[in-house]
K.L.:
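Could you have a look at this structure, given as structure tokens, before my questions?
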2 protein chains.
Amino acid sequence: MAKPSQTELAVLAALSVRPMTGYAAREAIVTELGMFWSESFGQIYPALARLREAGLVEAVQAQGSRSAVHRLTPAGRERLVELLREPVVASPPRNGMLLRLFFGDVLGPAACAELVLDARRRAEETLARLADARRGAEAENHPQQPYWLMTVSAGEHAARATLAWADETLDALSRLGGPAAG
Amino acid sequence: MAKPSQTELAVLAALSVRPMTGYAAREAIVTELGMFWSESFGQIYPALARLREAGLVEAVQAQGSRSAVHRLTPAGRERLVELLREPVVASPPRNGMLLRLFFGDVLGPAACAELVLDARRRAEETLARLADARRGAEAENHPQQPYWLMTVSAGEHAARATLAWADETLDALSRLGGPAAG
DNA sequence: GGGGTCATGTAAACAGTTACATGATTTT
DNA sequence: AAAATCATGTAACTGTTTACATGACCCC
């Protein structure tokens with residue numbers, strides 16, 4: 001078999017829930033997996049073409065939609081299982097906020113506090129979006145529902161950790177900058 | 001000025017602490033920034049060459065080391081400040097573990113528990129390495145020391161959040177898989 | 001009919017890793 | 001003398017984003 005591709009895994013997984021157009025698959029990835037995954041059109045369409053060629057996906061004319069939707073073939077479902085069993089590919093870390101904070105001495109405490117406040121704000125927004133996602137998932141009755149809630153919970157734990165860290169760090173920064181300014 | 005580059009920012013920042021060879025810069029990035037940043041040789045050497053050409057870095061023969069080390073020029077330090085002031089570039093999320101868990105129904109609770117246990121193990125390891133880093137940083141007397149501790153704390157909060165989430169999730173998974181197996 | 005969204009795709013540019021090649025120095 | 005580490009670099013490949021081009025369909 002061809003070597004594992006992250007994008008193909010995500011596309012196969014998205015289509016496993018229900019047949020979709022490429023456009024809708026991207027929508028689903030942005031809205032439902034957006035907290036921990038991302039794909040661009042420039043990735044999705046070539047991936048779909050490859051999957052179609054490999055017989056893992058077929059285009060069918062669905063009753064409801066005007067465009068043809070892409071549906072997993074049995075081989076596609078097998079391939080999905082195979083890809084899900086592959087070891088997780090770790091993406092190299094790249095946290096620009098922490099990089100700036102590490103060298104915080106260069107910009108000073110005030111600029112650092114800005115960075116931390118920004119991170120705090122993003123965590124609040126994340127928490128709000130996750131609350132919506134949780135309500136949505138709890139209303140569902142789907143075999144995947146418990147798993148959806150687990151990923152929501154992962155986001156909530158991470159966001160709350162960011163909030164706690166941000167408060168602690170803003171305090172430390174004010175103690176660094178405050179005495180000099182006061 | 002040339003458009004901002006993440007790699008050049010990291011290299012300039014690393015060299016701002018002390019002049020280093022490219023090899024040592026990579027070592028420093030892996031060991032000191034490794035929790036939230038990464039660069040490969042294939043990025044660092046071309047970046048150093050560009051920085052040298054732009055007059056932001058100069059190669060000097062240091063007393064201690066056999067090879068020439070790279071040192072920031074005054075223009076290089078200005079450029080570092082400029083790059084640190086640039087807005088943080090968010091890297092698109094790609095969490096293979098959560099992707100698999102989201103579609104956990106396909107592989108089943110036992111395989112999911114493996115994934116979560118793996119994440120838990122990594123968080124424990126991270127916590128141990130951060131404890132070392134904290135001890136090291138606390139022993140230092142450097143203007144950047146408080147900032148180092150803030151980044152260490154960020155890692156600690158995140159790792160502890162992962163532990164708490166993993167325990168909660170393993171519990172939920174056992175309740176999913178347990179009754180079926182028992 | 002005009003503007004927005006749905007839908008599919010391609011091309012260019014960019015970012016990044018991996019593997020390879022080379023050689024000096026240090027350690028064993 | 002051999003092996004490990006330090007040190008620098010290049011080339012090929014892969015992955016990814018962005019911008020562009022195109023057109024159907026839907027609502028106002």
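Residue numbering restarts at 1 for every chain, and letters A, B, ... go by the order of the sequence lines.
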K.L.:
Report yes if at least one side-chain N or O of B:Arg94 is closer than 4.0 Å to OP1 or OP2 of D:dT16; otherwise report no.
P.N.:
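The answer is yes; a side-chain N or O of B:Arg94 sits under 4.0 Å from OP1 or OP2.
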K.L.:
Which listed nucleotide (C:dT10, C:dG16, D:dT10) is nearest to the side chain of B:Thr7?
P.N.:
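Of C:dT10, C:dG16, D:dT10, C:dG16 is nearest to the side chain of B:Thr7.
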K.L.:
Send over the distance from B:Glu39 CD to D:dG9 P, rounded to a whole Å.
P.N.:
16 Å
K.L.:
Would you kindly say whether B:Thr73 and B:Glu58 are connected by a side-chain donor-acceptor distance under 3.5 Å?
P.N.:
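Looking only at side-chain atoms, B:Glu58 and B:Thr73 do not form any donor-acceptor pair under 3.5 Å.
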K.L.:
Between A:Arg52 and C:dG9, is there a side-chain N or O to OP1/OP2 distance below 4.0 Å?
P.N.:
yes
K.L.:
Can you tell me if A:Ser40 touches the phosphate of D:dG15, counting only side-chain N or O atoms and a distance under 4.0 Å to OP1 or OP2?
P.N.:
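So the side-chain polar atoms of A:Ser40 never come under 4.0 Å of the phosphate oxygens OP1 or OP2 of D:dG15.
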K.L.:
Flag yes if more than 12 heavy atoms outside B:Arg160 fall under 6.0 Å of its CZ atom; otherwise flag no.
P.N.:
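Yes - once you tally the heavy atoms of other residues, nucleotides and ligands closer than 6.0 Å, there are more than 12.
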K.L.:
In this structure, how many angstroms lie between the P atom of D:dG15 and the CD atom of B:Gln43, rounded?
P.N.:
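The answer, rounded to whole Å, is 16 Å.
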K.L.:
Could you tell me the separation between the CD atom of A:Glu27 and the C1' atom of C:dG4, rounded to a whole number of Å?
P.N.:
14 Å
K.L.:
Starting at the 5' end of DNA chain D, which residue's closest nucleotide do you reach first, B:His70 or A:Gln6?
P.N.:
B:His70
K.L.:
Closest approach to the side chain of A:Lys3, judged atom by atom: which nucleotide of D:dT8, D:dG15, C:dT17 is it?
P.N.:
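My answer, after comparing the listed nucleotides, is D:dG15.
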K.L.:
Whole Å only: how far is the CD1 atom of A:Ile44 from the P atom of C:dT8?
P.N.:
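So the two atoms are 10 Å apart, to the nearest Å.
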K.L.:
Find the distance A:Leu9:CG to D:dT14:P and express it as a whole number of Å.
P.N.:
19 Å
K.L.:
Is B:Tyr23 close enough to D:dT8 that one of its side-chain N or O atoms is under 4.0 Å from OP1 or OP2 there?
P.N.:
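No, B:Tyr23 has no side-chain N/O under 4.0 Å of OP1/OP2 on D:dT8.
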K.L.:
Please confirm whether the shortest side-chain N or O distance from B:Thr21 to OP1 or OP2 of D:dA7 is below 4.0 Å.
P.N.:
yes
K.L.:
Expressed as a whole number of angstroms, how long is the span from B:Leu51:CG to D:dG9:P?
P.N.:
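Atom-to-atom, B:Leu51 to D:dG9, this comes out as 12 Å.
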K.L.:
Under 4.0 Å, counting only non-hydrogen atoms across every strand here, what does B:Gly42 touch: a base, just sugar-phosphate, or nothing?
P.N.:
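It contacts base atoms.
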K.L.:
From the options C:dG16, D:dA7, D:dT17, select the nucleotide whose nearest atom is closest to the side chain of B:Ser67.
P.N.:
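From the listed options, D:dA7 comes nearest.
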K.L.:
With a 4.0 Å cut-off on heavy atoms, is A:Ser38 in touch with a base, just the backbone sugar-phosphate, or nothing at all?
P.N.:
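Sugar-phosphate contact only - A:Ser38 comes under 4.0 Å of backbone atoms but never of a base.
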K.L.:
Taking all heavy atoms of B:Leu72 and all of B:Leu15, pick out the closest pair and write down the distance.
P.N.:
CD2-CB, 4.0 Å
K.L.:
Toward the 5' end of DNA chain D, which comes first, A:Phe41 or A:Ser5, by nearest nucleotide?
P.N.:
A:Ser5
K.L.:
Whole-Å distance between C:dG16 P and B:Arg50 CZ?
P.N.:
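Rounded to the whole Å, the gap is 11 Å.
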K.L.:
Starting from P on D:dC6, measure out to CG on B:Leu48 and report it in whole angstrom.
P.N.:
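The distance from CG of B:Leu48 to P of D:dC6 comes to 17 Å, rounded to the nearest Å.
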K.L.:
Hey, is CD on B:Glu53 packed in by over 12 heavy atoms from elsewhere, all under 6.0 Å?
P.N.:
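Count not over threshold, so no.
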K.L.:
Show the nearest heavy-atom pair for residues A:Met35 and B:Pro93, with the distance to one decimal.
P.N.:
O-CB, 4.0 Å
K.L.:
So if I take every side-chain heavy atom of B:Tyr45 and compare against C:dT17, D:dT17, D:dT8, which nucleotide ends up nearest?
P.N.:
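Selected nucleotide (nearest to the side chain): D:dT8.
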K.L.:
Looking at every non-hydrogen atom in both residues, tell me the closest pair between A:Thr21 and A:Ser67 and how far apart they are.
P.N.:
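That would be CG2-CB, 4.1 Å.
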